[in-house]
Amino acid sequence: MKTNPLSCSRITSRALLSLPVALRPLVVAQSYATQTGLGATGPTPRPRRKTVTAFNDDGRVAWGELSGMEKAARTTQQSFNFGMIVIGIALTGGVGYYMYAEVFSPNSKTTHFNKAVNQVKKDPKCLELLGDSKKIVAHGQGQVPKGWRHDRQITAINTRDKYNVEHLKMNIAVEGPLNNGVVSMHMIKRPSDSQYIYKYLFLDVQGHPRIYLENADASADSPAKSKVKFFGINWS
């Protein structure tokens with residue numbers, strides 16, 4: 001079976017000579033068109049991409065393919081992201097410091113609040129006036145709407161006297177099944193001390209004598225006892 005010369009993409013010289021003279025130019029032209037058109041493989045054009053901006057940049061486009069404006073947009077986006085990371089770290093550190101200073105530190109007001117309340121719940125005289133320790137509720141003092149009394153924040157007064165002694169004062173409202181009362185606390189911390197010590201801690205219940213749980217002035221050897229300075233000498 002003979003192959004039709006007109007259907008071949010490449011025409012040999014022998015096949016070309018076997019054709020009539022009138023057909024030879026047409027076959028040569030067809031062969032050339034076939035080789036340069038259908039048979040040729042030129043470079044594939046790149047698909048068009050979206051312009052990279054600071055809002056849609058996902059990092060898929062290589063840096064070398066970016067224009068000057070697109071490089072500026074990517075730099076802006078990365079600078080913004082880095083700034084947000086720095087702000088997040090700063091906020092986390094600030095919250096952590098606040099939580100430690102206000103809640104977990106041995107000298108935080110929350111720590112001293114809980115310590116004072118626990119002393120009240122363990123004192124037999126206080127329980128005689130307030131009732132069952134498991135039913136005693138303590139909270140900060142202050143004027144709040146009715147029904148919100150248990151949500152009162154713990155408030156404390158911190159001062160420093162002329163001798164550089166720190167003073168911490170706090171009033172705590174306590175409510176028991178028998179009576180309600182107020183716990184008053186005064187603690188001091190001298191420059192040479194690392195922690196506060198009690199100057200006094202007492203419970204007041206209306207109609208009953210005051211109950212002292214801590215009273216430095218009543219203890220002869222207490223470092224928190226008030227002293228009178230006369231002629232440069234501290235007198236107890």
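Computed over heavy atoms, backbone and side chain alike; hydrogens, waters and symmetry mates excluded. Note that the structure is predicted; figures quoted are calculated from it, not measured.
The aromatic rings of Y200 and H186 stand perpendicular to each other, their planes meeting at an angle above 60°, with 30° marking the opposite boundary.
Interatomic distance, NZ of K109 versus CE of M187, reported as 15.0 Å (0.5 Å rounding). Note that OG of S133 is 10.0 Å distant from CG of N118, once rounded to the nearest 0.5 Å. Rounding to the nearest 0.5 Å gives a distance of 15.0 Å between NE2 of H112 and NZ of K169. Here CD1 of I154 is found 7.5 Å from CD1 of I172. Values are rounded to the nearest 0.5 Å.
Residues L127 and I136 form a side-chain contact, since some pair of their non-hydrogen atoms from C-beta on lies under 4.5 Å apart. The side-chain heavy atoms of L178 and L130, taken from C-beta on, include no pair separated by under 4.5 Å. The shortest distance between side-chain heavy atoms of S184 and L201 does not fall below 4.5 Å. Under the 4.5 Å side-chain criterion, counting only non-hydrogen atoms from C-beta, V61 is in contact with L66. A 4.5 Å side-chain heavy-atom check between L213 and V120 finds at least one atom pair inside the cut-off. Inter-residue side-chain proximity for R190 and Y196 is flagged as unmet; no heavy-atom pair is nearer than 4.5 Å. Residues W63 and R74 are in side-chain contact: their nearest non-hydrogen atoms beyond the backbone lie under 4.5 Å apart. A heavy-atom distance below 4.5 Å is not found between the side chains of I211 and F202.
Within 6.0 Å of the CZ atom in F80, the count of heavy atoms belonging to other residues, nucleotides or ligands does not exceed 12. Counting heavy-atom neighbours within 6.0 Å of K71 NZ, excluding the residue itself, gives a total above 12.
No donor-acceptor distance shorter than 3.5 angstrom exists from the side chain of N56 to the backbone of V52, with no hydrogens or angles considered. A distance-only check finds no donor-acceptor pair linking the side chain of N158 to the backbone of L168 [under 3.5 Å]. For the pair D193 (side chain) and Q195 (backbone), a donor-acceptor distance under 3.5 Å is absent. Side-chain atoms of D123 come within 3.5 Å of backbone atoms of C126 as a donor-acceptor pair (strictly under, hydrogens ignored).
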Can you check side-chain contact (heavy atoms from CB on, under 4.5 Å) on V205 and R210, steps first, answer last? CA-CA 7 Å; V205 176; R210 174 174 293 176; over 6 Å; no

List the steps and the verdict of side-chain contact (heavy atoms from CB on, under 4.5 Å) for Q119 and Y198. CA-CA 12 Å; Q119 284 190 247; Y198 279 112; 3.1 Å; yes

Intermediate values then yes/no, side-chain contact (heavy atoms from CB on, under 4.5 Å), K121 and K134: CA-CA 8 Å; K121 291 182 177 181; K134 296 180 180 179; over 6 Å; no

Verdict with reasoning, E70 to D57, per side-chain contact (heavy atoms from CB on, under 4.5 Å): CA-CA 9 Å; E70 290 175 329; D57 185 16; over 6 Å; no

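D161 and H167 form a side-chain donor-acceptor contact under 3.5 Å, judged by distance and modelled atom types alone. Inspection of the S79 and T76 side chains reveals no N or O donor paired with an N or O acceptor under 3.5 Å.
In terms of heavy-atom proximity, M170 sits nearest to A156 at CE-CB, 3.8 Å. Nearest heavy-atom pair, A54 versus Q77, reported as atom, atom and distance to 0.1 Å: O-NE2, 3.3 Å.
A single hydrophobic cluster is not seen to contain both Y212 and V183; linkage of ILVMFWY side chains at heavy-atom distances under 4.5 Å, directly or through other members, places them apart.
A salt bridge links R60 with D58; the closest basic N to acidic carboxylate O contact falls under 4.0 Å.
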